[in-house]
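Scroll down for the structure; my scribbles are underneath it.
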Amino acid sequence: MCRLASRSFFSRDAASLARDLLGTTLVRTLPSGERLAGMIVETEAYVGVRDRASHAFGGRRTARNESMYAKPGTLYIYFTYGIHHCANIVCGKMGEPVAVLLRALRPTEGHGSMATNRGWGVGAAERQHELCRGPGNLCRALAIDRSLDGADLVPGRGGASGSVSVEIPRRSPIEPGMVLNGPRIGLGNAGTWKDRPLRFWVRDSETVSGRRTAETRRPGAV
DNA sequence: ATGACGATTTACT
DNA sequence: GTAAATCGTCATA
């Protein structure tokens, strides 16, 4: 019914991956073996050294963003505002600092643990769509922090499933017409790059963060 | 050593 | 709509 995303799946440009991650499932396996998972419904592409909004703009390379230069399929986790972690999937060609930010999931497994991670009490059923809405909330719900920075989403030869992976259903649950895109969120002085339609989300998804009513464009267009 | 800032979230007017 | 929270990171000295 589904397959694990391979290295080649991640080895392509960020906008294309950001679009095609919609409808796939992000799986977080805890040390206890419990699975926390959700369908990806919102992403943003950070397309490389020329992207003024990227942490790697101009080839910037520091201890913090080192993982952006790792191989496709690597997790890049950063800490910001003194409070939140945000998760990216590195893509592009080997050594290129290109990545996709995961902004929201529709939870599918482990709702109870996610609620606990969010600091919620019991009876959170009516707020399930808020569990993983927004990049910071998503990380908190899935217990993702900098200890996972640099982790590989693609299993090694041993075949052991990693602590984070992406599962691709044989048939996408997302109809092509359900995908919208528009400008990325929360950018400062990114100049012209601020308005590029590099944010992708699923239409009508209650779990999408920020504005849900932006322009429609040809899926994958940049 | 120090200061400014942030790919956010939440609460409040 | 605006503001506060909060601290690791980076540039500057």
Side-chain angles (χ1 to χ4, degrees), chain A residues 10 13-19 21-22 26 38 40-70 74-92 96-105 107 114-121 124 126-150 164 180-201 206-214 222:
Chain A
F10 300 113
D13 73 272
S16 168
L17 180 64
R19 161 63 184 80
L21 278 171
L22 299 179
L26 183 72
I40 298 174
V41 296
E42 183 187 3
T43 57
E44 280 178 3
Y46 288 83
V47 303
V49 298
R50 70 186 190 282
D51 182 353
R52 201 161 198 105
S54 171
H55 290 167
F57 173 65
R60 192 158 152 280
R61 183 170 187 167
T62 66
R64 180 208 203 197
N65 72 353
E66 179 61 31
S67 294
M68 292 189 80
Y69 293 83
T74 298
L75 274 181
Y76 165 46
I77 313 295
Y78 66 89
F79 182 66
T80 190
Y81 291 103
I83 308 173
H84 306 289
H85 292 277
C86 295
N88 298 254
I89 297 177
V90 175
C91 56
E96 282 183 348
V98 180
V100 172
L101 172 69
L102 303 177
R103 291 196 58 94
L105 310 178
M114 290 184 193
T116 299
N117 292 339
R118 288 292 307 275
W120 294 0
E126 71 281 359
R127 289 200 289 164
Q128 280 188 11
H129 56 283
E130 296 179 17
L131 282 170
C132 304
R133 185 168 76 186
N137 290 333
L138 182 161
C139 282
R140 191 173 176 198
L142 297 197
I144 291 174
D145 62 23
R146 275 228 101 194
S147 68
L148 286 169
D149 179 55
V164 181
L180 303 183
N181 64 356
R184 293 172 292 183
I185 291 179
L187 307 185
N189 296 326
T192 161
W193 285 93
K194 177 163 46 64
D195 303 315
R196 297 278 189 121
L198 292 173
R199 171 178 174 240
F200 298 83
W201 69 96
E206 291 292 309
T207 59
V208 169
S209 71
R211 301 181 60 80
R212 299 194 291 250
T213 55
V222 178

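Nothing here was measured: the structure is a model prediction, and the numbers come from that model. Chain letters run A, B, ... following the sequence lines, proteins first and then strands; every chain starts at 1.
When rounded to the nearest whole Å, the span between CD1 of A:Ile77 and P of C:dT9 equals 14 Å.
Of the residues in residues 63-70 of chain A, those placing a heavy atom less than 4.0 Å from an atom of DNA chain C are A:Ala63, A:Arg64, in numerical order. If you check residues 48-57 of chain A against DNA chain B, the residues with a heavy atom closer than 4.0 Å are A:Ala53, A:His55, listed by number.
Contact footprint of chain A on DNA chain B: nucleotides with an atom under 4.0 Å from a non-hydrogen protein atom, first to last in 5' to 3' order, B:dG6 to B:dT10.
Here the closest heavy-atom approach between residue A:Ser54 and residue A:Met68 is recorded as OG-CE, 3.8 Å. For A:Ala15 against A:Leu198, the heavy-atom pair with the smallest separation is CB-CD2, 4.2 Å. In plain terms, the two heavy atoms of A:Gln128 and A:Pro107 that are nearest each other are O-CG, 3.6 Å. What you find for A:Val90 and A:Ser67 is that their closest heavy atoms are CG2-O, 3.3 Å. A:Trp201 and A:Gly182 get closest at one heavy-atom pair: CZ3-N, 3.3 Å. Looking at every heavy atom in both residues, A:Ala18 comes nearest to A:Ala45 through CB-CB, 4.1 Å.
The side chain to side chain donor-acceptor pair (under 3.5 Å) check on A:Ser147 picks up A:Asp145, with sequence neighbours excluded. In terms of the side-chain contact (heavy atoms from CB on, under 4.5 Å) criterion, residue partners of A:Cys139 (sequence neighbours excluded) are, by chain and number, A:His85, A:Ala87, A:Ile144. When the side chain to side chain donor-acceptor pair (under 3.5 Å) test is applied to A:Glu66, the partners found at least two apart in sequence or on another chain are A:Arg61. Residues meeting the side-chain contact (heavy atoms from CB on, under 4.5 Å) test with A:Ala141, sequence neighbours left out: A:Met114, A:Arg118, A:Cys132. Shown here are the side chain to side chain donor-acceptor pair (under 3.5 Å) partners of A:Arg52, two or more places apart in sequence or in another chain: there are none.
A:Arg140 comes within contact range of no nucleotide atom at all, as no heavy-atom separation falls under 4.0 Å. Backbone-only contact: A:Asn137 has heavy atoms under 4.0 Å from sugar-phosphate atoms and none from a base. As judged by a 4.0 angstrom heavy-atom cut-off over every strand, A:Leu187 is placed among residues touching the sugar-phosphate backbone only. Residue contacts shown for A:Arg60 are limited to sugar-phosphate atoms, with no base heavy atom under 4.0 Å away.
Within the model, atoms CG of A:Leu105 and CG of A:Leu138 stand 4.0 Å from one another, a figure rounded to the nearest 0.5 Å. To the nearest 0.5 Å, the span separating CG on A:Leu26 from CG on A:Leu102 amounts to 6.0 Å. The CG atom of A:Leu75 sits 8.0 Å away from atom CG of A:Asp149, with the distance rounded to the nearest 0.5 Å.
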What are the atom names and distances for every N/O pair under 3.5 Å that joins the protein to nucleotides 1-6 of chain C?
| from | atom 1 | to | atom 2 | distance (Å) |
| --- | --- | --- | --- | --- |
| C:dT6 | O2 | A:Tyr81 | O | 2.2 |

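For C:dA3 and B:dC5, the P atoms lie 16 Å apart once the distance is rounded to whole Å.
Residue pairs satisfying the side chain to side chain donor-acceptor pair (under 3.5 Å) criterion with at least one member in residues 74-84 of chain A, sequence neighbours excluded, are listed as follows: A:His55-A:Tyr76. Residues in residues 182-194 of chain A take part in these salt bridge (charged side-chain N to carboxylate O under 4.0 Å, His left out) pairs, two or more places apart or across chains: A:Asp51-A:Arg184.
Remark: DNA chain C forms stems of 3 or more consecutive Watson-Crick or G-U wobble pairs, all pair distances under 3.5 Å, at B:1-6 with C:7-12, B:8-12 with C:1-5.
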